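Given the structure is predicted, the values throughout are model-derived calculations rather than measurements. Residue numbers run from 1 in the order of the sequence given. As the structure lists them, so they are numbered: ligands from 1, and atoms in each ligand from 1.
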Amino acid sequence: MSIKERLNNILSKLPEGVTLVAVSKFHPVERLQEAYEAGQRVFGESRPQEMASKYQQLPADVEWHMIGHLQTNKVKMIAPFVSMISSVDSERLIEEIEKQAAKYNRTIDILLEVHVAEEETKSGWSEEELYNYLATGALERMEHIRVRGVMTIASNTDDQSVVRRDFQHIRNIFEELKPRFGEAFDTLSIGMSDDYPLALEYGSTMVRIGTAIFGMREY
Ligand SMILES: *Cc1c(COP(=O)(O)O)cnc(C)c1O
C-alpha cells in the first residue's frame with residue numbers, strides 16, 4: 001500500500017474532529033513529502049534537530065508536533081516554528097518553553113504528558129507530581145504557553161484490559177483538569193498504530209500514528 005492509501009485508510013476510521021498526527025520520526029523527508037502531497041499537514045517528530053531540518057525542507061503550512069522527550073537545552077531549536085509540544089513532563093521544561101516562546105513573541109501549545117502505564121521506563125509526570133505542580137499555580141502565569149490537554153503512551157502489552165485501564169485513567173485525568181484550563185483544553189492525545197482503535201473508544205481527540213503510515217522505522 002502507498003502512504004496515501006494507508007493515510008486514507010486510517011482517516012476513514014477516525015471520527016470527525018479527531019486529529020491525525022503522522023509520526024514521521026526517523027523517516028526520510030521524501031516520505032513526508034509523499035504524505036504532504038496526499039493532504040497530510042500535521043507531523044510528529046521526536047528529535048529537535050531532525051524536526052528543524054525537516055521543517056526547512058517542507059512547505060510552511062505543515063504543523064510540527066514534538067512528541068518525544070525534550071531536553072531543556074534543545075527547546076530553542078524548535079521554538080521559532082513548533083506548533084505543539086506534546087511531551088511536556090517537567091517544571092523546568094515549561095519554564096524554558098515559556099522563555100523561548102516569549103523570545104519569538106509566540107504562543108506554543110502544549111500537552112501535559114502523564115505516566116499511567118505499567119512500565120517504569122516510560123516518561124511523563126506521575127499523577128501526584130503533576131497535581132503538586134499544578135497546585136503551585138505557576139502554569140497559569142505562563143503567558144506564552146497554551147495548555148491544550150494531556151498525552152500518554154499506554155502500556156506496551158497484548159493484554160487489552162491493561163491498555164483499557166490506562167486509557168480510562170488518562171481520560172479521568174483529562175476530565176478532571178478540563179475545568180481548570182477552560183475551553184482551549186480540548187485535546188486527549190492517546191492512540192498509536194497498534195492501539196488507536198481502542199483509544200477512540202476512550203474519547204481520543206488526537207492519535208499519533210507512525211508505523212501504520214510509514215512502515216517500520218530504521219533506528
Ligand atoms: C513513535 C511514537 C508514536 C508512534 O508510534 P507507532 O507505533 O509507530 O504508531 C506515537 N507517540 C509517541 C510519543 C511516539 O514516540
Side-chain angles (χ1 to χ4, degrees), residues 1 3 5-14 18-29 31-32 34-35 38 40-51 54 62-71 74-75 78 82-90 93 97 109-126 130 148-160 162-163 166-167 169-171 173-174 187-219:
M1 261 202 282
I3 286 178
E5 284 166 327
R6 291 183 193 204
L7 272 171
N8 286 338
N9 178 41
I10 293 163
L11 287 170
S12 73
K13 292 178 188 154
L14 301 182
V18 175
T19 301
L20 170 61
V21 180
V23 176
S24 49
K25 63 189 187 196
F26 294 91
H27 291 290
V29 75
R31 313 275 289 164
L32 284 74
E34 207 176 321
Q40 182 64 27
R41 292 294 178 271
V42 185
F43 291 86
E45 289 284 335
S46 61
R47 300 183 297 180
Q49 205 144 10
E50 182 177 343
M51 180 190 269
K54 287 172 172 173
V62 167
E63 261 186 49
W64 295 97
H65 289 213
M66 174 51 62
I67 62 166
H69 176 71
L70 181 57
Q71 285 174 281
K74 303 265 172 77
V75 175
I78 58 169
V82 71
S83 290
M84 179 179 269
I85 301 176
S86 310
S87 44
V88 173
D89 59 0
S90 77
L93 183 56
I97 294 169
D109 284 350
I110 69 162
L111 300 178
L112 301 165
E113 182 177 0
V114 191
H115 177 120
V116 299
E118 286 180 326
E119 303 100 314
E120 283 303 316
T121 50
K122 295 260 160 75
S123 52
W125 261 298
S126 74
L130 176 61
R148 295 291 308 276
V150 291
M151 185 274 257
T152 203
I153 303 174
S155 301
N156 184 14
T157 168
D158 291 331
D159 186 347
Q160 275 214 356
V162 174
V163 180
D166 290 347
F167 286 157
H169 190 174
I170 192 73
R171 170 72 190 259
I173 295 171
F174 176 61
T187 305
L188 175 58
S189 176
I190 48 174
M192 310 180 10
S193 291
D194 288 337
D195 59 16
Y196 78 90
L198 208 55
L200 294 171
E201 285 184 38
Y202 289 84
S204 173
T205 70
M206 181 175 277
V207 292
R208 312 175 308 269
I209 300 182
T211 311
I213 298 171
F214 297 106
M216 299 289 272
R217 289 177 285 274
E218 285 179 41
Y219 292 105

Nearest to [atom], what protein heavy atom do you find, and at what distance?
| atom | answer |
| --- | --- |
| atom 2 (C) of ligand 1 | K25 NZ, 2.6 Å |
| atom 9 (O) of ligand 1 | S193 OG, 2.5 Å |
| atom 11 (N) of ligand 1 | R208 NE, 2.8 Å |
| atom 5 (O) of ligand 1 | M192 CE, 3.6 Å |

Handout entry: Check: E50 side chain, K25 main-chain N or O, donor-acceptor pair, under 3.5 Å
Key =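 Such a contact is absent between E50 side chain and K25 backbone.
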
Exercise for the section: Look only at the side chain of S123 and the backbone of H69, and say whether a donor-acceptor pair between them is shorter than 3.5 Å. Expected result: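 No.
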
Only heavy atoms of [X], strictly under 4.0 Å: list the atoms of ligand 1 that pass.
| X | value |
| --- | --- |
| G210 | 4 (C), 6 (P), 8 (O), 9 (O) |
| T211 | 6 (P), 7 (O), 8 (O), 9 (O) |
| I67 | 2 (C), 11 (N), 12 (C), 13 (C), 14 (C), 15 (O) |

Practice task
Have a look at ligand 1 and work out which part of D194, if any, has a heavy atom under 4.0 Å from it: side chain, backbone, both or neither.
Solution key: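 None of D194 does.
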
Handout entry: Residue pair E113 / H115, side-chain donor-acceptor N/O under 3.5 Å
Key =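 No, H115 and E113 have no side-chain donor paired with an acceptor closer than 3.5 Å.
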
Handout entry: Polar contact flag, side-chain donor to acceptor under 3.5 angstrom, E118-T157
Key =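 There is no such pair between these side chains.
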
Problem - R208 to Y196, cation-pi by 6.0 Å centre distance and 45° axis angle - result: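 Judged by the rule (NZ or CZ under 6.0 Å from the ring centre, within 45° of its axis), R208 is not positioned above Y196.
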
